Amino acid sequence: MDCASLYTHLFFPHMVTTASFQRIGAGLFKLRLPSPACWAIGGGRVSDESFLKGSENGSVLGAFDETVPAPFGTIDAQITHETIDFFVSDAEGDPDCPTKGYSSIEQGLNTLREGKFVIVVDDENGDIEGNLVMAASLTSPQHVSFLIKNGSGIVSAGMKEEDLERLELPLMSPETENEDSSAPTFTITVDAKSGTCNGVSASDRAKTVLALSSPETKPGDFRRPGHVFPLKYRNGGVLRRAGHTEASVDLVMLAGLPPVSVLSAIIDPEDGSIASLADLRKLALENNIPIVSITDLIR
Ligand SMILES: O=C(CO)[C@H](O)[C@H](O)COP(=O)(O)O
């Protein structure tokens, strides 16, 4: 990922302050340093192909098209000396190469554009956590069924503050946002009213996710509480908070899709613990899903 493109499209001018970058710096220091090994220069080659040869998700080996640039034109922002200095001085390795064993961000974006899942991995503090992520606007009942089967059962939607305000979805616990930046910021839960039954089926939850992603929906289109968990995206994305919420929304935005993601933490099918990297790779291989790293997205 071209760092300048990421800065340009994730930051709004009012956010580029010294205070903001002090917080970003703290977040980055918690991340694993990337390997300088180059596995997919320019995003034109799939990374660790040995574990990504399945076909169900249909995206890992066949989707990459380097003739299609990421449409970056949707967000207004500016580059400042602070942003450039920060990343030049703190990032290591080649920013155009994914970490060894991971797919490139470009490949992840192409997969999202095809309406397919990517696995987003965060290994902050050495504890791997993978989330299945896709664009909310392209979600079907089959996607939600896959998400429920392989994820935690909680279907979340990463959403920007402006959309949460438009839909009148306040945080479940407002103090969390200020007191603990590592905690996920869940809003009250919702079900779409139109065309749904009790809200919990894959079909109903897919309708809710689609409704959350539509700019046309109104506050009255949802029942509260419900079975889908919106998560508030922190403005600035992964450059501010290196979480799955921010990564998922940044990725769908960079893919040129409406800025609402659907995500769920991936669980070990045997014992219900958080899936290990080996579990994530098995799931990726069996379903042809690229695995991307939040560290690479930040770089
Ligand atoms: O399970 C999840 C969503 O259902 C996510 O893993 C989590 O809630 C949000 O992740 P993060 O705190 O990294 O943004």
Side-chain angles (χ1 to χ4, degrees), residues 10 23-24 26-28 30-32 108 117-136 139 143-161 164 169 171-191 199-200 202 205-206 208-209 212-213 225-253 259-269 272-277 279-280 283 289 291-298:
L10 297 182
R23 284 196 298 276
I24 296 161
L28 274 179
K30 289 194 280 182
L31 291 167
R32 165 181 43 78
F117 284 112
V118 298
I119 292 173
V120 176
V121 171
D122 155 30
D123 66 351
E124 194 171 317
N125 302 322
D127 295 327
I128 288 274
E129 184 185 318
N131 275 222
L132 278 163
V133 166
M134 70 170 292
T139 302
H143 288 123
V144 174
S145 176
F146 185 85
L147 206 58
I148 295 168
K149 194 170 147 201
N150 295 285
S152 64
I154 294 176
V155 174
S156 297
M159 297 181 66
K160 296 179 83 174
E161 186 170 20
L164 294 172
L169 295 175
L171 293 179
M172 248 193 242
S173 175
E175 62 278 8
T176 303
E177 187 177 20
N178 297 325
E179 290 172 6
D180 182 2
S181 65
S182 69
T185 42
F186 287 107
T187 76
I188 59 173
T189 56
V190 289
D191 286 337
V200 76
R205 282 195 264 185
T208 301
V209 165
L212 288 170
S213 74
H227 299 83
V228 172
F229 291 66
L231 279 164
K232 181 180 174 184
Y233 164 92
R234 264 84 155 196
N235 284 330
V238 293
L239 301 183
R240 178 170 176 191
R241 177 179 183 269
H244 295 90
T245 306
E246 287 70 26
S248 66
V249 175
D250 285 346
L251 285 168
V252 296
M253 281 196 289
V260 181
S261 63
V262 59
L263 68 159
S264 189
I266 302 170
I267 298 299
D268 181 325
S273 62
I274 293 291
S276 65
L277 189 55
D279 292 330
L280 299 179
L283 183 68
I289 302 174
I291 305 180
V292 299
S293 147
I294 293 179
T295 302
D296 289 344
L297 182 58
I298 292 169

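Read the numbers this way: they start at 1 and go in the same order the structure lists the ligands and their atoms. For clarity, every value in this text was computed on a predicted model and none was experimentally measured.
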Ligand 1 N/O to protein N/O, distances under 3.5 Å:
{"from": "ligand 1", "atom 1": "1 (O)", "to": "A265", "atom 2": "N", "distance (Å)": "3.4"}
{"from": "ligand 1", "atom 1": "4 (O)", "to": "S156", "atom 2": "OG", "distance (Å)": "2.7"}
{"from": "ligand 1", "atom 1": "6 (O)", "to": "E129", "atom 2": "OE2", "distance (Å)": "2.7"}
{"from": "ligand 1", "atom 1": "6 (O)", "to": "N131", "atom 2": "OD1", "distance (Å)": "3.0"}
{"from": "ligand 1", "atom 1": "6 (O)", "to": "N131", "atom 2": "ND2", "distance (Å)": "3.3"}
{"from": "ligand 1", "atom 1": "12 (O)", "to": "R241", "atom 2": "NH2", "distance (Å)": "2.8"}
{"from": "ligand 1", "atom 1": "13 (O)", "to": "H244", "atom 2": "N", "distance (Å)": "2.9"}
{"from": "ligand 1", "atom 1": "13 (O)", "to": "H244", "atom 2": "ND1", "distance (Å)": "2.9"}
{"from": "ligand 1", "atom 1": "14 (O)", "to": "R241", "atom 2": "NH1", "distance (Å)": "2.9"}
{"from": "ligand 1", "atom 1": "14 (O)", "to": "H244", "atom 2": "N", "distance (Å)": "3.2"}
{"from": "ligand 1", "atom 1": "14 (O)", "to": "T245", "atom 2": "N", "distance (Å)": "2.9"}
{"from": "ligand 1", "atom 1": "14 (O)", "to": "T245", "atom 2": "OG1", "distance (Å)": "2.6"}

Under 3.5 Å, side chain of H244 to main-chain N/O of E129, donor-acceptor pair present?
-> yes
Without swapping roles, check the side chain of S181 against the backbone of E177 for a donor-acceptor pair under 3.5 Å.
-> no
Nearest non-hydrogen partners of V190 and P230, listed with the distance | CG2-CG, 4.1 Å
OG1/T187 to CG/L212 distance, rounded to the nearest 0.5 angstrom?
-> 8.0 Å
Taking it one step at a time, do I298 and L239 satisfy side chain to side chain contact (heavy atoms under 4.5 Å, CB included)?
-> CA-CA 6 Å; I298 292 169; L239 301 183; 4.3 Å; yes
Heavy-atom distance under 4.5 Å between the side chains of I119 and L132, does that happen here?
-> yes
